[in-house]
Every structure is written in C-alpha cells, then in structure tokens.
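Keep in mind that what you see is a predicted model, and the values were worked out from it rather than measured. One is the number of the first residue; the rest follow in order along the sequence.
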Amino acid sequence: MNRIVIRSLLRGLLHSRNFGSVAGVPGGARMQLTFAAVASPGTRHQSLSDGGFQWRRFLTSSKAVAEEQGKVKLEQGVKDIENNQEKEKEKDNALVSSYWGIYRPKITREDGSEWPWNCFMPWETYRADLSIDLGKHHQPKTFLDKVAYRVVKLLRIPTDIFFQRRYGCRAVMLETVAAVPGMVGGMLLHLKSLRKFQHSGGWIKALLEEAENERMHLMTMIELVQPKWYERLLVITVQGVFFNAFFVLYLMSPKLAHRIVGYLEEEAIHSYTEYLKDINEGKIENVPAPAIAIDYWRLPKDARLKDVITVIRADEAHHRDVNHFASDIHFQGKELRESAAPLGYH
C-alpha cells in the first residue's frame, strides 16, 4: 500500500511540482514535499519550517540489523547449551546420590571459586617447610648401613648414564620409584596389625601419607614433562622389579629397607638441587607452575618452576628423616608402633 502511494506522489512531482489546494490550508496555500529517502518501515519524518516534511532513516541498514540479530541468537544458543549441560550434570549427580547417598559436596577455594581437584581436598594441602636442613646425611656405620649405601650408589650409575642432565625426565622416573616404599611398608604394617591384633602407632598412616605425597610429586611433574614411549616402558619395568624386590626386602629386614629409602631420598635431594642449579643458570626455562602444584602446596598464583622444585626438594628431605628414623627404631631392637609416628610430617 505504501509503495502505491509513493509511486502516485512521484508521478505528480514529475508532471508538476505544485499540488492543488489542500483542504484545511488557509489562503489556498500549496504544500510542497521534499523526499530525502523513500518512506519505509524503520524511518521517521521531521517537519520543516516551510510546512513540508523530510523523511530520514531512523535505524541502521538491514545488513547490520541481521548481523546483530545473528550475534544475539548465537549467544543465546551458547547459553542454552551450557544450561542444558549443567542440568544434565545435576541430573546425573542427583540420580547417583539419590540411590547410594554418596555425592561430592560443593567445595570452594578461599577466593570463592570452585575446587577443581578430586584427587585431593583443600584440607590436605599444606605449605612446605623450607627451613629443613638439606645437608643432613646418615653416616653408614653398621654392616647393613654400608650395604644400603652401596646399593643406592650402584642404582644411581645407570640413572646418570640414561638421563644425564635431563632432570625433568629423571624426576618422573624417580617419583615412580619413590612412591613405592611407603605403600609397601604401609600395606605390610596394615596386614601385621590385623594379624596380631595390634595398633601400628600411626605408622600405617604415616607411610601411606609418604606414598601419596610422592605420587603428587609425579602428578606435578607430568604437567611439566611428557615422557617418551620408551621412558614409559622403562617406568613399567622398573616399577615391577622394584615393587617385588622391596616387598621381599621389607619382609626380611624392615630396618634395611627403611635405610635404603633414606639414602634414596638423599640422592633425590641432590638431583633436585642440580635441577634448581640448571634453572638458575638459564639452562632450563623457569616456566609458570602447574595449577595442581599451586593448590597442593598453597603457592602464590605467580609461582614458577623454581618454586615447585624447591618445595618438592623440601618434601624429600622430610621423607629422608622419617625413613632414617624408622630404621634407627628397628636397629634399637624395637618395633615402629613403640614410637609415635611423625604424622603430617611431609
């Protein structure tokens, strides 16, 4: 309808620029129209001083409008997908917890953000004790001490040859081995406690804490280093051999087993010290710390690789003390349960 009216007006303008008298216009005054744009939906008109009208565009072009509408629809679609995913997640959690009664409570960080880890909780995190003496060394005195010391030194030779100064890969291998003794010792003490109807003096928990702490070292290092396929194969082989060998050794002589672990931890301190040396000299890039390390050790948000290696080295020093202490208890002819375990001593 608008198009018909516009065409009629245009024809009139072509034949004559003046229209006849318009009813209601005093003195037979004539109305003159000037078109600045074709009247269409989305336009407005503005009155002129001479009584005419001038049409002007009010909105942006149709292309811009279409783009804006498309953007709005896209954002709405993304929101709908996120809402549906959240509803599905809540539905799944509700289905599981409604039957078994087990569900993960909502846990947040200190800043109010959601806790992202299932492998450890905020109350299991800690700040490493960096004041520990890194230079402590147990001088081998007895025959078993000397055996333990020589065994560890011999084990270091193939490690140095294979990894040389690739301390990231070396740390991965070290942690896959270091996490075994605590688990084996804790498991055997657990079975002994059940078998003899005796308390363990807290040593089961202490040794399992050590194993878990070493495993967290590994989870951190994996964020920094990706082992090659042959290194993964080496890990499987070494773990299989070491687990069974240490299992038998702990059954035969717990004091020798703990002494060997104590010396292994001394070697770990040395390896991480060399790692830090290469970082300080710029041979290894001091990259940002992984998120899991920041939360586990309560490090600053801007922590770097150097900070991570420093706290891991402190943990190894604590493990050194615990295992030498356990070995000393056995050398005195006592059982571990007769002395309080150093719980929470990472």
Side-chain angles (χ1 to χ4, degrees), residues 128-185 203 206-207 209-218 220-221 238-239 242-243 245-246 249-250 253-280 306 308-332 336 341-342 345-346:
D129 179 15
L130 303 181
S131 64
I132 190 168
D133 185 359
L134 300 172
K136 281 184 179 180
H137 169 64
H138 182 274
Q139 291 293 338
K141 299 176 181 178
T142 65
F143 173 74
L144 289 180
D145 282 351
K146 294 177 181 178
V147 169
Y149 185 74
R150 293 301 177 188
V151 166
V152 172
K153 288 299 182 182
L154 286 173
L155 290 175
R156 181 177 173 176
I157 294 174
T159 305
D160 288 342
I161 294 174
F162 186 81
F163 292 106
Q164 297 181 359
R165 297 195 70 83
R166 293 185 298 125
Y167 287 108
C169 296
R170 187 190 189 108
V172 170
M173 172 60 71
L174 177 68
E175 299 302 345
T176 59
V177 172
V180 171
M183 180 60 65
V184 171
W203 279 93
L207 294 178
E209 278 184 354
E210 177 185 317
E212 173 64 12
N213 184 246
E214 296 284 12
R215 191 185 66 84
M216 288 303 299
H217 293 176
L218 177 63
T220 300
M221 296 309 301
V238 171
Q239 187 184 81
F242 185 74
F243 177 88
F246 193 82
L249 177 62
Y250 203 95
S253 178
K255 56 186 174 184
L256 177 58
H258 281 292
R259 189 67 79 201
I260 288 177
V261 177
Y263 286 130
L264 282 173
E265 299 295 354
E266 290 184 18
E267 292 299 325
I269 295 170
H270 173 75
S271 295
Y272 282 117
T273 300
E274 291 296 310
Y275 200 164
L276 285 172
K277 182 180 177 181
D278 282 1
I279 293 174
N280 292 330
K306 180 179 178 180
V308 176
I309 302 303
T310 300
V311 295
I312 291 178
R313 184 179 62 172
D315 286 348
E316 303 296 2
H318 286 85
H319 300 160
R320 171 204 63 194
D321 294 350
V322 170
N323 281 278
H324 280 315
F325 175 61
S327 184
D328 288 345
I329 294 173
H330 284 294
F331 268 104
Q332 293 172 9
L336 292 180
Y345 184 77
H346 294 287

Is it true that the side chains of H318 and N213 contain a donor and an acceptor less than 3.5 Å apart? no
When you measure from the side chain of N280 to the backbone N and O of L276, does any donor-acceptor pair fall under 3.5 Å? yes
Which residues pass the ring pair (Phe, Tyr, Trp, His ring centres under 6.0 Å) test with H138, not counting sequence neighbours? H324
Between E212 and R215, does any side-chain N to carboxylate O distance fall below 4.0 Å? yes
Only one of I132, L264, I269 forms a side chain to side chain contact (heavy atoms under 4.5 Å, CB included) with E316, so which one is it? I269
Could I get the full list of ring pair (Phe, Tyr, Trp, His ring centres under 6.0 Å) partners for F163, not counting sequence neighbours? none
Would you call R156 and D160 a salt bridge, using N to O less than 4.0 angstrom? yes
I'd like to know if the side chain of H270 reaches the main chain of E266, judged simply by a donor and an acceptor atom lying under 3.5 Å from each other, with no hydrogens or angles considered. no
Using 30° and 60° as the class limits, which term best fits the ring planes of Y149 and Y263: parallel, tilted or perpendicular? perpendicular
Relative to each other, are the rings of Y250 and F246 parallel, tilted or perpendicular (30° and 60° limits)? tilted
When you measure from the side chain of S327 to the backbone N and O of N323, does any donor-acceptor pair fall under 3.5 Å? no
Here the pair of heavy atoms bringing L174 nearest to Y272 is CD2-CE1, 4.0 Å
Between I329 and K255, is any pair of side-chain heavy atoms under 4.5 Å apart? no
Search all heavy atoms of L256 against all heavy atoms of L144 and return the closest pair with its distance. CD1-O, 3.5 Å
